[in-house]
Asks: 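My questions will all concern the structure given below.
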2 protein chains.
Amino acid sequence: MRTQHGVSLTYGLLETLGQSIVSGHYDGSGFPTEAELCQQFSASRTVAREAVKMLTAKGLLSARPRQGTKVEPVSRWNLLDPDVTRWLMERPFSNTIYREFTEVRLAIEPVAAALAAQHADRKDIKAIRDGLNGMRDHAAEHDQALAADIEFHVAILRASGNPFFWQLRELINTALRLSIGVTNKISGHTASIPAHEAVLIAIEKGDADGALHAMRAILLESLELIKTYDPAVGE
Amino acid sequence: MRTQHGVSLTYGLLETLGQSIVSGHYDGSGFPTEAELCQQFSASRTVAREAVKMLTAKGLLSARPRQGTKVEPVSRWNLLDPDVTRWLMERPFSNTIYREFTEVRLAIEPVAAALAAQHADRKDIKAIRDGLNGMRDHAAEHDQALAADIEFHVAILRASGNPFFWQLRELINTALRLSIGVTNKISGHTASIPAHEAVLIAIEKGDADGALHAMRAILLESLELIKTYDPAVGE
DNA sequence: TTAAGACAATTGTATAATAAAAAATGCCGC
DNA sequence: GCGGCATTTTTTATTATACAATTGTCTTAA
C-alpha cells in the first residue's frame, strides 16, 4: 500500500476499512484475517494490526484468537465518534439515517441554543451572525450557502459552552450535507433565513426559552420534510 | 506488565493510560515516549504502540515523529466515547462536569421520551416499568435504587428506537452514579418516584408532548440541585 | 545573520519468531 | 456408535529487532 496525500499507511488503511465496514462491504462475507488483510492491502502486519485496533476502539470490530476479527453489530458502534459519523455519510443515502440524525439534532440544538442565550459572549455571537449573513449573501450558490448554514449551527454549539455539545459538530456537519440531497429534490425549498434569524435575535437578547423554541421550529420543519418526502414514492 | 483479570496486555494498558490521561496525570509533564512507556510498564513496543493508537482513535493523544506523543486538549477528546465517559467518572468529582453531563441529559432524554411515546412496544414499556418498580421497591437500599433508576432511564433511550440515543447510555450511567455524590449531601433528597411515574404514564398513553415535559421536569430539578449545591460553600 | 547541511531523536514500517487461546479433529475406551 | 479427552490447527497476542521517514536542533560557512 502506498502512502497517499500525506497520510500514514496506518491512517490510510483505517480510513479505507472504516468506510468499507460502515458501507456494509463485509456484511455477508466476514472480515478478513490479519494475514489476508496484509495480502489484500500489501501492508505489513504492524500496519494492519494498528488499523484494526483503532477500529476496535471505535466499536466497529472485535478480535479474538482463533475466532478471527469480526464486524460488530451496529448497536456496538460508537456512532457519535466523528470518524464513524463521517463514514456514515459515504454510504448510499438512507432516509432512515437522515431522520435519526435529525432527531439527535432536535434534541441537542434547541438546548444548545438556550444555553448559548445564557452564556454567549461577543465573539460567539459574531460567529453566529457571520453564519447567518453568509446564508443570506450566498443564497444562490449552493456550496457557500451550505457552508454558512453549517457555520451557523456549529457556532451555536460552541457558544453553548458545553464541550459535549461541541462533540456533535461532525454529526451536524454530516446531517446538513445529507440534507441537500433531500431538500434539493423538493422544489423551491431553501433553508429559511427568517427562522435562523429568530434564533440569533433570541440569543442576543439572552432569551433562552425563545432561542430554544426558534431552533426547535427549524428542526421540526426538517423532520416534517423527511416524513413528507419518501424516496420510495418519488417525491 | 502482567495480564490482569482476563484482559489482554494491550487493553490493560489502554485502561491504565486512559484513566491517567483523563485524570490529568500528564498535564504538566508531557506524555512519555514509546521507549519510556515500554520501560515504565514493562511492555513490548507493540503493546505500547497499540494502546497509544487506540487512545489516538479516541482523540486523547496525537503522535508525530521526532515530536513525540502528546495529550490533546480536552476539546479534541471524543467525550461521548463510552470509555472516555467512564474514565471521566474516575477522576475527582467536579461540579462542572456533572452540570455538563446533566445538560446533555436535558437535551437528549426528553426527546428520547417523546420518541418512546410514539414507538415503544410492549417489551420496551415493561423494561421502563421494571425500572420504576425497582426504584419503588428498593427505595431504602441505595445501590439497588440507583441501579433501578439507571435501568429506567436507559430503557427509555432504547425505547426511542434511535440508535444514536442508545449510545449515550454510558454517559447517563456515569451521570447518575455521580449524582449520588451530590444528592446524598442534600438532606432527605431521593429520586422522585411520582415524577418518574408521570413519564411512564405519558409513554404508555402515547403522549409524546407529555413525556417530553415530564422528563424535562426531572432533569431541570437535577440541574437546579447542582446550582444550589456549591461544593466550595459546603451545602 | 542567515542558510545549507549534518546530526539526532522519535515515531512509522517491516519481518520473524514464539506464546496463548479456542475451535476442530481424531482417538480411545466402552 | 458415542461420550469424553488429548491433539492438532488456526488465528490473534506478544516479543524482539532492524531499518525508514520525519522533523527539530546544531554546526558551519558564506
Side-chain angles (χ1 to χ4, degrees), chain A residues 1-18 20-21 25-26 28-73 76 83, chain B residues 1-18 20-21 25-26 28-73 76 83:
Chain A
M1 195 169 191
R2 278 277 183 58
T3 154
Q4 288 169 5
H5 40 272
V7 237
S8 69
L9 292 180
T10 305
Y11 283 92
L13 187 54
L14 168 69
E15 205 63 21
T16 304
L17 291 177
S20 297
I21 294 167
H25 187 268
Y26 297 109
S29 52
F31 200 78
T33 63
E34 278 184 11
E36 288 165 344
L37 271 184
C38 295
Q39 204 209 337
Q40 285 173 29
F41 295 94
S42 311
S44 72
R45 228 188 125 198
T46 308
V47 167
R49 278 186 62 82
E50 290 185 353
V52 166
K53 270 288 182 313
M54 285 197 279
L55 290 165
T56 303
K58 293 176 187 298
L60 268 56
L61 296 176
S62 69
R64 294 176 62 190
R66 169 74 209 194
Q67 192 170 326
T69 306
K70 289 191 317 181
V71 176
E72 287 284 295
R76 303 284 294 262
D83 288 330
Chain B
M1 197 170 191
R2 279 275 185 58
T3 155
Q4 288 168 5
H5 40 269
V7 232
S8 71
L9 292 181
T10 304
Y11 283 91
L13 186 55
L14 169 69
E15 204 64 22
T16 304
L17 291 176
S20 297
I21 293 166
H25 188 268
Y26 297 110
S29 52
F31 201 77
T33 63
E34 282 183 10
E36 289 165 343
L37 271 184
C38 295
Q39 204 209 337
Q40 283 174 27
F41 294 95
S42 310
S44 72
R45 212 182 144 200
T46 307
V47 168
R49 278 186 62 83
E50 291 185 353
V52 166
K53 269 289 180 311
M54 285 198 278
L55 290 164
T56 303
K58 292 175 187 300
L60 269 56
L61 296 176
S62 70
R64 292 176 62 191
R66 167 74 209 193
Q67 193 170 325
T69 307
K70 289 190 319 182
V71 175
E72 286 285 294
R76 304 284 294 263
D83 288 330

Asks: Which residues pass the side-chain contact (heavy atoms from CB on, under 4.5 Å) test with B/Q67, sequence neighbours left out?
Replies: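 B/Q67 satisfies side-chain contact (heavy atoms from CB on, under 4.5 Å) with B/R64, B/K70 only.
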Asks: Send over the distance from B/F31 CZ to C/dT10 C1', rounded to a whole Å.
Replies: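 The answer, rounded to whole Å, is 14 Å.
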Asks: Once you apply a heavy-atom cut-off of 4.0 Å, does B/K53 come out as touching a base, just sugar-phosphate, or nothing?
Replies: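 Sugar-phosphate: the residue B/K53, judged by heavy atoms under 4.0 Å, touches backbone atoms but no base.
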Asks: Side-chain N or O of B/T69 versus OP1/OP2 of C/dT11: is the shortest distance under 4.0 Å?
Replies: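 Answer is yes, contact under 4.0 Å.
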Asks: By the salt bridge (Lys or Arg N to Asp or Glu O under 4.0 Å) test, which pairs, at least two apart or in different chains, include something from residues 7-16 of chain B?
Replies: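 Found B/E15-B/R86.
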Asks: Contact between B/V71 and B/L60 at the side-chain level, heavy atoms closer than 4.5 Å - yes or no?
Replies: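 Not touching, per the 4.5 Å side-chain cut-off.
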Asks: To the nearest angstrom, how far is A/K70 atom NZ from D/dT11 atom P?
Replies: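 That distance rounds to 15 Å.
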Asks: Check side-chain hydrogen bond (donor to acceptor under 3.5 Å, both in side chains) between A/S62 and all other residues, then give those that pass, not counting sequence neighbours.
Replies: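 Result, side-chain hydrogen bond (donor to acceptor under 3.5 Å, both in side chains) vs A/S62: A/E72.
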Asks: Are there any protein N/O atoms within less than 3.5 Å of an N/O atom in nucleotides 17-19 of chain C, and if so, which ones and at what distance?
Replies:
{"unit_1": "C/dA17", "atom_1": "N6", "unit_2": "A/R45", "atom_2": "NH1", "d": "3.0"}

Asks: In whole angstrom, give the distance that lies between atom OH of B/Y11 and atom P of D/dT12.
Replies: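 For the pair B/Y11 OH and D/dT12 P, the rounded distance is 13 Å.
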Asks: For the pair made of CG in A/L14 and C1' in C/dG12, what is the distance, rounded to whole Å?
Replies: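 To the nearest whole Å, that distance equals 15 Å.
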Asks: Looking at residues at least two apart in the chain, or sitting in another chain, which of them share a side-chain hydrogen bond (donor to acceptor under 3.5 Å, both in side chains) with B/R45?
Replies: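 side-chain hydrogen bond (donor to acceptor under 3.5 Å, both in side chains) check on B/R45 returns B/E34.
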Asks: With the threshold set at under 4.0 Å for non-hydrogen atoms, list the residues of residues 32-39 of chain B touching DNA chain C in residue-number order.
Replies: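 Nucleic-acid contacts, sorted: B/T33, B/E34.
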Asks: Are any non-hydrogen side-chain atoms of B/L17 and B/L37 less than 4.5 angstrom apart?
Replies: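 Answer yes - side chains close enough.
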Asks: More than 12 non-hydrogen atoms from neighbouring residues, nucleotides or ligands closer than 6.0 Å to CD on B/Q39, yes or no?
Replies: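 Counting neighbours around CD of B/Q39, 12 or fewer heavy atoms of other residues, nucleotides or ligands fall under 6.0 Å, so no.
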Asks: Sequence neighbours excluded, which residues qualify as ring-ring contact (aromatic ring centres under 6.0 Å, His included) partners of B/F31?
Replies: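 Expected list: B/Y26.
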Asks: So which atom in A/E36 and which in A/P32 form the shortest heavy-atom distance, rounded to 0.1 Å?
Replies: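 What the structure gives for the nearest pair is OE1-CA, 3.2 Å.
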Asks: Does a side-chain N or O from B/S44 land closer than 4.0 Å to OP1 or OP2 of D/dT14, or not?
Replies: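 For D/dT14, neither OP1 nor OP2 has a side-chain N or O of B/S44 closer than 4.0 Å.
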Asks: With sequence neighbours excluded, tell me which residues meet salt bridge (charged side-chain N to carboxylate O under 4.0 Å, His left out) with B/K58.
Replies: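 Here the qualifying residues are B/D81, B/D83.
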Asks: Short of 4.0 Å, heavy atom to strand atom, which residues of residues 60-68 of chain A count as contacting DNA chain C?
Replies: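 Close to the strand are A/R64, A/P65, A/R66, A/Q67.
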Asks: Can you measure from CG (A/L14) to CG (A/L9) and round to the nearest 0.5 angstrom?
Replies: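 If I round to the nearest 0.5 Å, the distance is 12.5 Å.
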Asks: Is the phosphate of D/dT14 approached by B/T10 (side-chain N or O, under 4.0 Å from OP1 or OP2)?
Replies: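 Looking at the OP1 and OP2 atoms of D/dT14, one of them is under 4.0 Å from a side-chain N or O of B/T10.
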Asks: Examine the base of D/dA13 for any acceptor or donor lying under 3.5 Å from a partner atom in the side chain of B/S8, and report the outcome as yes or no.
Replies: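 When only heavy-atom distances are counted, B/S8 does not reach the base of D/dA13 through any donor-acceptor pair under 3.5 Å.
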